[in-house]
Structures are given as structure tokens and as C-alpha cells.
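Okay, here's the structure, questions in a sec.
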Amino acid sequence: MKWLVLLGLVALSECIVILPLKKMKTLRETLREKNLLNNFLEEQAYRLSKNDSKITIHPLRNYLDTAYVGNITIGTPPQEFRVVFDTGSANLWVPCITCTSPACYTHKTFNPQNSSSFREVGSPITIFYGSGIIQGFLGSDTVRIGNLVSPEQSFGLSLEEYGFDSLPFDGILGLAFPAMGIEDTIPIFDNLWSHGAFSEPVFAFYLNTNKPEGSVVMFGGVDHRYYKGELNWIPVSQTSHWQISMNNISMNGTVTACSCGCEALVDTGTSLIYGPTKLVTNIHKLMNARLENSEYVVSCDAVKTLPPVIFNINGIDYPLRPQAYIIKIQNNCRSVFQGGTENSSLNTWILGDIFLRQYFSVFDRKNRRIGLAPAV
């Protein structure tokens, strides 16, 4: 179950520049100090399309609640691939037919010679993920997501893959901001937007539980049938990741983590929920969870009495019930909370699919904000 744990946490090209960092006030902090936050959110709001004809709704397949995969095609004539639509990275890649890694023998591979519209860019690439690495080269071709067509789309072709064996997808389609992508390439969402593929630069996810069918990613608008109530909008605090500010995390009315505020990545490419190890351990103590084989487990009967874990974001509570944060695997009931983010950031959490199954999510590129509402 841990193969997708940090897929979208960080995706870096091989050219890495190290810069000194200076802590700056977030946009939210500056606006709140000047009593302008509510005005900002109201002014940035615009009416999302309710006309279904303007929205492309693309089906995703739920693989055992660990990955949500959709089909795309590349080339002329089209070659079909299964990809993860990942908000934690910005690159599109699939295996090349000349890939020599074991993972490539169990996945579909792209054959450039069979596509009349393929153009080799030739630049070598290396992309690092939390769960693996791919190495290969850049190409360009026509990419289709349902009825959306992205012409001359740059994408990676892997020649070597590490950490992607036996996974239910062939490649990854990144939906993060361009700053996370490979230099001198245009991410597919930006390419579609520049070609007028949709009228509003937004996409959204509905992820269901325990059912292979029914999950979707939608582009160009929001289908209001997938959530209850109103969307609550949260400004993006750092525009490379889809990163937001959290106020705190609590259980039973007691703040257990993020007591002075923290950051969170909203990441469809990560299965579970991650945070700093020490703070995750505090949460497990309140659950009376015990460590077994590197996993925290509880009595399955305890699920009936455990309190929700509540994420307070922008002043609004987003509870996770124990039925959501405890998963049963082979008669063991395990916590979905995992440590380890302190390796890259001292105060960052990752809200993966466990969280997003409970909350319909909208990613608004124009206004740099994320909308959340209870999923139906």
C-alpha cells in the first residue's frame, strides 16, 4: 500500500539550483493584517460554469483506494495510456518502447515511429518522485484527454524507471504550476488553456471510495452535482505546488498538531496523509495506536469510538471520521497518517486521496485558490 505514498510530493528536473531562503509573510497573513482577506476572496470569485456542455468530465478508475487512473492518448493514430492525474507534479511522461527497465515490460509503451505527428525534442530528462525516478528524453506530440486536444504537447519518454514496478498506471500527468515542470516546457493544462480548450482555467476532482467506477476529473468548470453546500475558497500560499495554509489539526477539541499554523500540499498523487513524524506520533497516541511492522494499528472495534481528526483551514473545520482515516487490510486496522515530511520541510503536511475522497476539490489557476466542499 505504500507504493504511491509520496508520488506527487516533489518532482524535480535534473537541473537543480540551490538558493538561500528567507521566510516571507504569506499573502494570507498580509491580507489578514490589513483586514482585506474577506474582500480579496469576494473580489477573486467568479461564477464557475454550470453549463455541462462547457465542462469536460473525464472518468477515473479507482484501484483499491490507492490510485485514481484515467486514460489519455498520445500520437497519430492515438496510442492509449493509463496515467495518474497528479496535482503534486507538473510533467507528463509515459514509457518509451525502447525502455529497458522491468517496469516498462509490464506497462504500455509509446512507439514514436508509429506516430506521424511525433517530434523528438531530444533533451535528456531526469524526474525524481517520492516513490521513484524516471530518466529519458523529451518529445512532442498530440495529446488527448477525452475531447480535449493538446497539439504539439511536450512530454517525457522514459528509458529507465525505478520504483514504478507493478503499478496500475503507465505514466503521470502533472497538474501543478509550471514552476515545478521541466525547464522550457509547457505543462499540458497550460497548453490546453492557451489553445482555448476551455473557457475557465479550473479543474476539479471527485474521488469515490471502494468503487472502481464513478471517480472523475473535470476541466473547464465544476459540476455541482458532485458536492454538497457551497465551495469554500482557500488562497494558494505558494505557487509551484498546490499549497495552502492550515490553522491547526485537532481531536476531541484539543489541538494535536499544527498548533501555530502550518502548510499543506493538496496532492492527488499521494494516497495517504503525511506530516512531521513527531506530530503524527502525537495523533497516534490519542488513537491508542500501536506500532507493528512500521505501521500504526488499532483495534478494529475502536473505529466505532474514535473521534474525528479535524483539519481547520481558513477558519473552517474539515473533519475526517475514523471510518476514513482507519483502513482495514487483511484483518488489521491501520492508520492512514504517516510521518516523514520533515525530511523536506519542517512544517508541511500532505493531504492525499484519503482527505480528497471526503472533500470535492477545485483547483483554480486564474485566481490561485483551491475550493473544497463535502463530496456527495
Contact check, side chains of I350 and Q338, non-hydrogen atoms, under 4.5 Å: no
message: Over 60° means perpendicular and under 30° means parallel, so tell me whether W193 and F198 are parallel, tilted or perpendicular.
response: parallel
message: What verdict does the salt bridge (Lys or Arg N to Asp or Glu O under 4.0 Å) test give for R82 and D170, after you've listed the backbone C-alpha separation in whole Å, the side-chain angles of each residue and the deciding distance to 0.1 Å?
response: CA-CA 5 Å; R82 297 170 299 180; D170 306 308; 3.7 Å; yes
message: Would you say CD of Q113 has more than 12 non-hydrogen atoms from neighbouring residues, nucleotides or ligands within 6.0 angstrom?
response: no
message: Would a single hydrophobic cluster contain both V336 and L286, if residues Ile, Leu, Val, Met, Phe, Trp and Tyr are joined by side-chain heavy-atom contacts under 4.5 Å?
response: yes
Atom CD of E230: over 12 foreign heavy atoms under 6.0 Å: no
query: Relative to Y359, does R357 satisfy both conditions: NZ or CZ under 6.0 angstrom from the six-membered ring centre, and within 45 degrees of the ring's axis?
result: no
- line: So NZ of K211 and CZ of R61: to nearest 0.5 Å the spacing works out to 14.0 Å
Test item: N114 side-chain N/O and N111 main-chain N/O as donor-acceptor pair under 3.5 Å: no
message: Just by distance, no angles: are the side chains of H284 and S335 close enough, under 3.5 Å, to form a donor-acceptor pair?
response: yes
- request: Answer yes or no: is there a donor N or O on one side and an acceptor on the other, between the side chain of Q358 and the main chain of R321, under 3.5 Å?
  value: no
query: Under the criterion ring pair (Phe, Tyr, Trp, His ring centres under 6.0 Å), which of F137, F81, W93, F110 is the partner of F155?
result: F110
field: Side chain S271, main chain T66, donor-acceptor under 3.5 Å
entry: yes
- prompt: Could you walk me through whether L351 and D267 pass the side chain to side chain contact (heavy atoms under 4.5 Å, CB included) check?
  reply: CA-CA 6 Å; L351 305 180; D267 189 354; over 6 Å; no
field: E263 and S237: side chain donor to acceptor below 3.5 Å
entry: yes
- request: Take S150 and N191, measure what side chain to side chain donor-acceptor pair (under 3.5 Å) needs, and give me the verdict at the end.
  value: CA-CA 6 Å; S150 184; N191 202 27; 2.8 Å; yes
task: Could you tell me the separation between the OG1 atom of T76 and the CG atom of D141, rounded to the nearest 0.5 Å?
output: 5.5 Å
query: Tell me, do V69 and F169 make a side-chain contact under 4.5 Å, heavy atoms counted?
result: yes
- prompt: How about T270 and D353: do any of their side-chain heavy atoms sit closer than 4.5 Å?
  reply: no
message: With a 3.5 Å distance limit and no angle check, can you tell me whether T341 reaches the backbone of W349 through a side-chain donor-acceptor pair?
response: no
E120 atom CD, over 12 foreign heavy atoms within 6.0 Å: yes
Residues N248 and N312: side-chain donor-acceptor under 3.5 angstrom: no
- prompt: Just by modelled atom types, is the D301 backbone N or O under 3.5 Å from a matching donor or acceptor in the S299 side chain?
  reply: yes
field: Separation between CD1 of I74 and NZ of K108, rounded to the nearest 0.5 Å
entry: 11.5 Å
message: Working to the nearest 0.5 angstrom, can you tell me the gap between S215 OG and H58 NE2?
response: 12.5 Å
message: Which residues end up grouped with Y296 if you chain together Ile, Leu, Val, Met, Phe, Trp and Tyr wherever their side-chain heavy atoms are less than 4.5 Å apart?
response: L291
- request: Answer yes or no: is there a donor N or O on one side and an acceptor on the other, between the side chain of D86 and the main chain of G269, under 3.5 Å?
  value: yes
field: D364 with K366: basic N within carboxylate O range, under 4.0 Å
entry: no
message: Any non-hydrogen side-chain atom of F219 less than 4.5 Å from a side-chain atom of I55?
response: no
message: Let's go through F360 and F205 carefully: what are the C-alpha distance in whole Å and the side-chain angles of both, what is the deciding distance for ring pair (Phe, Tyr, Trp, His ring centres under 6.0 Å) to 0.1 Å, and is it a yes or a no?
response: CA-CA 6 Å; F360 179 84; F205 283 87; 9.1 Å; no
Listing, residues 304-311 side-chain donor-acceptor contacts under 3.5 Å, not counting sequence neighbours, or none:
unit_1 : atom_1 : unit_2 : atom_2 : d
T305   : OG1    : A302   : O      : 3.2

task: Supply the atom-to-atom distance R119 CZ to S154 OG, rounded to the nearest 0.5 angstrom.
output: 9.0 Å
query: How long is the span from the CG atom in L173 to the OG atom in S89, to the nearest 0.5 Å?
result: 8.0 Å
- prompt: Is any side-chain heavy atom of I172 closer than 4.5 Å to a side-chain heavy atom of L92?
  reply: no
Test of ring centre spacing under 6.0 Å for Y68 and F85: no
query: Does S158 reach the side chain of C104, with side-chain heavy atoms less than 4.5 Å apart?
result: yes
- request: Any chance you could lay out the side chain to side chain contact (heavy atoms under 4.5 Å, CB included) test for I145 and T56, step after step, and finish with the verdict?
  value: CA-CA 9 Å; I145 306 171; T56 294; 5.7 Å; no
- request: State, yes or no, whether a side-chain contact exists between T126 and I134 at a heavy-atom distance under 4.5 Å.
  value: no
CA sep, side-chain torsions, deciding dist, call: L159, Q135, side chain to side chain contact (heavy atoms under 4.5 Å, CB included): CA-CA 6 Å; L159 297 174; Q135 294 178 313; 5.9 Å; no
field: Single-linkage hydrophobic cluster, 4.5 Å side-chain cutoff, I327 and V298 together
entry: yes
query: Do V143 and T73 touch side chain to side chain, with heavy atoms closer than 4.5 Å?
result: no
